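Worksheet: one structure, shown below.
Naming: A, B, ... by sequence-line order, numbering from 1 per chain. These numbers were taken from a predicted model, which means no experiment stands behind them.
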There are 2 protein chains.
Amino acid sequence: MNRLCLPLSLNEAETLLLDDIVQRSTPIHRGGIVYEEGEPFTNLYALRSGALKGYRHCSNGNIQITDFVLPGEVFGLDGVSSGKHQCSVQALETASVCALPFDLLQQLGRTLPILQTHLMEAVSGCVQAKMEHLCLVTQYSAYERIKALILNLSKRYASLGQSALHFRLPMSRADIGCHLGMTIETVSRCLSRLREEQVITLDNREIRILKPEALRSTARPANKP
Amino acid sequence: MNRLCLPLSLNEAETLLLDDIVQRSTPIHRGGIVYEEGEPFTNLYALRSGALKGYRHCSNGNIQITDFVLPGEVFGLDGVSSGKHQCSVQALETASVCALPFDLLQQLGRTLPILQTHLMEAVSGCVQAKMEHLCLVTQYSAYERIKALILNLSKRYASLGQSALHFRLPMSRADIGCHLGMTIETVSRCLSRLREEQVITLDNREIRILKPEALRSTARPANKP
DNA sequence: CGGACGATTGACGATGATCAAAGTAAGTGG
DNA sequence: CCACTTACTTTGATCATCGTCAATCGTCCG
């Protein structure tokens with residue numbers, strides 16, 4: 001199992017143990033589904049390459065994109081508690097995914113306590129991220145939200161060892177809008193504004209960050225402090 | 001332990017077991033803190049009377065009210081994963097709280113599997129609620145959000161055996177605004193509109209629902225379906 | 001080559017934030 | 001018990017933001 005798959009600090013023996021339970025899947029093409037809302041929760045997953053979006057049908061039937069998954073990230077934690085997945089996950093572009101059967105992971109967790117810890121941290125980080133996202137969406141303007149998303153992606157690409165300043169947006173404007181709670185037109189306008197202000201250059205989905213510091217939102221949120 | 005505290009279907013013997021570990025606290029007055037963000041997670045809590053708000057400091061220092069707690073509800077689940085509370089909880093009015101030491105709960109869970117199950121369901125329900133809330137905030141107009149909140153409170157009061165159509169809002173307009181992502185003025189205006197439309201009557205915080213069916217948002221969300 | 005999809009841009013209007021003011025409730029101290 | 005302060009709420013006027021509608025353009029496919 002590649003270190004890309006789970007960012008754990010394991011020794012070689014431990015890595016081999018973990019390696020045993022990893023199942024590699026055939027590549028999933030654009031639009032392909034990894035799992036769907038309501039399916040029984042059996043695996044955690046790690047994304048090896050490509051990009052995914054997690055989304056959910058709200059009570060009204062609307063779709064809400066809850067998160068984007070980049071290579072090296074673990075996903076599928078929705079459903080640990082209920083035993084059923086609460087979200088669906090779909091490929092934004094051709095993707096390769098590792099499946100980690102959860103019961104085996106838990107078994108392994110008994111001999112490798114660090115695995116348990118990492119798992120817990122992952123769940124907790126996931127919840128925390130959701131709350132930060134809620135805050136972003138309720139308290140910031142569309143422009144600030146876009147800046148935050150770009151910054152977020154930038155940080156995550158950087159932590160994958162890729163360029164923090166030059167990458168390709170794997171998702172459409174519609175996906176961004178659905179994630180941040182705004183229309184595609186507003187997404188497009190905000191991106192154009194960032195381009196005009198020479199904070200970024202943008203060629204379709206190819207983005208280059210010119211002024212990283214301008215993305216760190218020093219601006220106060222829409223609501224009062 | 002009162003059945004109000006944990007809505008579990010336990011037999012008498014089991015109830016007695018659980019009763020042993022419950023710690024009742026002295027009443028907490030308006031503005032009092034149950035626990036704060038960052039504190040180590042040691043207890044689950046059940047609210048016996050009064051009302052609470054859960055809130056969080058976002059990365060920008062802003063406050064986001066994540067939820068309101070009504071009597072009979074369990075809270076404190078934030079922090080199960082990380083071991084530290086991710087939210088703070090404060091009393092909106094004089095409140096009485098039961099503390100359930102988590103380690104004892106887990107111990108008890110080994111002999112009472114149903115307790116484990118209920119706990120898991122609680123966590124999962126909590127996550128689900130957060131996602132519904134995200135959906136509400138990103139996709140609905142201020143007016144719809146207010147309707148949803150009233151309906152939500154109504155249902156919860158009903159499930160406590162209180163009137164679903166006549167109750168007192170324990171929180172200020174500012175709290176509502178902070179929870180739903182809008183200003184106090186907009187909150188007030190939406191409430192006034194509901195009054196004009198004779199969906200509710202409202203005397204300060206005393207609310208009476210005249211047309212419950214009008215609260216069930218048949219209206220499509222702000223964004224496209 | 002043409003059709004479908006995605007993205008951009010403009011014009012317009014509705015929603016909701018902001019600023020301001022006044023009214024109401026609640027708590028405090030005499 | 002009342003005067004007074006403070007906090008909370010309501011309402012109005014104005015303005016910015018963002019959604020809607022519409023047209024155009026570019027890109028990716030078959």
Side-chain angles (χ1 to χ4, degrees), chain A residues 29-31 51 53 62 65 92-94 136-147 149-150 168-197 200-207 217 219-225, chain B residues 29-31 51 53 62 65 90 92-94 136-147 149 168-197 200-207 217 219-225:
Chain A
H29 292 290
R30 187 164 187 271
K53 64 175 171 184
N62 252 37
I65 293 183
L92 292 168
E93 55 190 36
T94 303
L136 181 72
V137 165
T138 55
Q139 304 191 343
Y140 284 86
S141 70
Y143 178 65
E144 297 294 330
R145 285 179 233 171
I146 291 287
K147 291 206 299 184
L149 177 66
I150 296 175
R168 188 182 149 77
L169 298 173
M171 73 293 282
S172 71
R173 306 289 192 263
D175 288 331
I176 295 176
C178 186
H179 181 56
L180 296 180
M182 51 210 258
T183 59
I184 39 176
E185 293 94 331
T186 303
V187 172
S188 184
R189 268 183 259 268
C190 290
L191 288 172
S192 297
R193 177 174 161 196
L194 283 170
R195 195 167 34 192
E196 284 163 22
E197 295 170 343
I200 60 171
T201 62
L202 189 62
D203 178 20
N204 198 12
R205 298 196 180 176
E206 207 73 33
I207 190 171
S217 123
R220 66 266 165 251
N223 282 350
K224 291 169 193 178
Chain B
H29 291 290
R30 187 162 187 271
K53 64 175 172 184
N62 253 35
I65 293 183
Q90 188 180 29
L92 292 169
E93 55 191 35
T94 304
L136 181 72
V137 166
T138 54
Q139 303 190 345
Y140 284 86
S141 69
Y143 179 66
E144 296 294 330
R145 284 179 233 172
I146 290 288
K147 293 207 296 184
L149 177 65
R168 188 183 150 76
L169 299 172
M171 72 293 282
S172 71
R173 306 289 192 264
D175 288 331
I176 295 176
C178 185
H179 181 57
L180 296 179
M182 50 209 256
T183 60
I184 39 175
E185 293 94 330
T186 302
V187 173
S188 184
R189 268 184 257 269
C190 290
L191 288 173
S192 297
R193 177 174 162 197
L194 283 171
R195 196 167 33 191
E196 283 162 23
E197 295 170 341
I200 60 171
T201 62
L202 189 61
D203 178 21
N204 197 13
R205 298 195 181 177
E206 206 72 34
I207 191 173
S217 122
R220 66 267 166 248
N223 283 351
K224 291 169 194 176

Base, sugar-phosphate alone, or nothing: which one does B:Arg145 contact when heavy atoms must sit under 4.0 Å apart? nothing
Using whole Å, what does the distance between atom P of nucleotide D:dT20 and atom CD of B:Gln139 come to? 12 Å
A:Leu92 CG to C:dG6 C1', in whole Å, measures 14 Å
What does B:Arg195 touch in the nucleic acid at a heavy-atom separation under 4.0 angstrom: a base, only the sugar-phosphate, or nothing? sugar-phosphate
Rounded to whole angstrom units, what separation is found between the OH atom of B:Tyr140 and the P atom of D:dG19? 16 Å
Round to the nearest Å and state the distance from A:Asn204 atom CG to D:dC28 atom C1'. 10 Å
Given the options B:Met182, B:Arg145, B:Arg195, B:Glu185, B:Cys190 meets side-chain contact (heavy atoms from CB on, under 4.5 Å) only with B:Met182
Does D:dA7 have OP1 or OP2 sitting under 4.0 Å from an N or O in the side chain of B:Ser172? no
Would you indicate, yes or no, if C:dT9 has its OP1 or OP2 atom less than 4.0 angstrom from a side-chain nitrogen or oxygen of A:Ser188? no
Nearest-neighbour nucleotide for the A:Glu185 side chain, D:dC21, C:dT8, D:dG19 considered: D:dC21
Measuring to OP1 and OP2 of D:dT17, would you say a side-chain N or O of A:Ser141 lies under 4.0 angstrom away? no
A side-chain contact here means heavy atoms from C-beta on lying under 4.5 Å apart; do B:Asp175 and B:Leu92 qualify? yes
Nearest-nucleotide 5' precedence on DNA chain D, B:Leu191 against A:Arg193: B:Leu191
Measuring only between side-chain heavy atoms, which start at C-beta, is A:Thr186 closer than 4.5 Å to A:Ile146? no
Under-4.0 Å side-chain N/O to phosphate OP1/OP2 contact, B:Arg205 with D:dT9: yes
For atom CZ of B:Arg30, is the number of surrounding heavy atoms from other residues, nucleotides or ligands below 6.0 Å larger than 12? no
Once you round it to whole Å, what is the distance between P of C:dA25 and CD of B:Glu93? 19 Å
B:Arg173 side chain N/O closer than 4.0 Å to the phosphate oxygens (OP1, OP2) of C:dA25? no
Distance below 4.0 Å between A:Thr186 side-chain N/O and D:dG19 OP1 or OP2: yes
Length of the CG-C1' vector between B:Leu194 and D:dT11, whole Å: 16 Å
For C:dT9, take OP1 and OP2 only and decide whether either is under 4.0 Å from a side-chain N or O of A:Arg189. no
Could you tell me how far apart A:Arg168 (CZ) and C:dG6 (C1') are, to the nearest whole angstrom? 12 Å
Sorted by chain and residue number, the salt bridge (charged side-chain N to carboxylate O under 4.0 Å, His left out) partners of A:Glu206 (sequence neighbours excluded) come out as none
Send over the distance from B:Asp203 CG to C:dT24 P, rounded to a whole Å. 12 Å
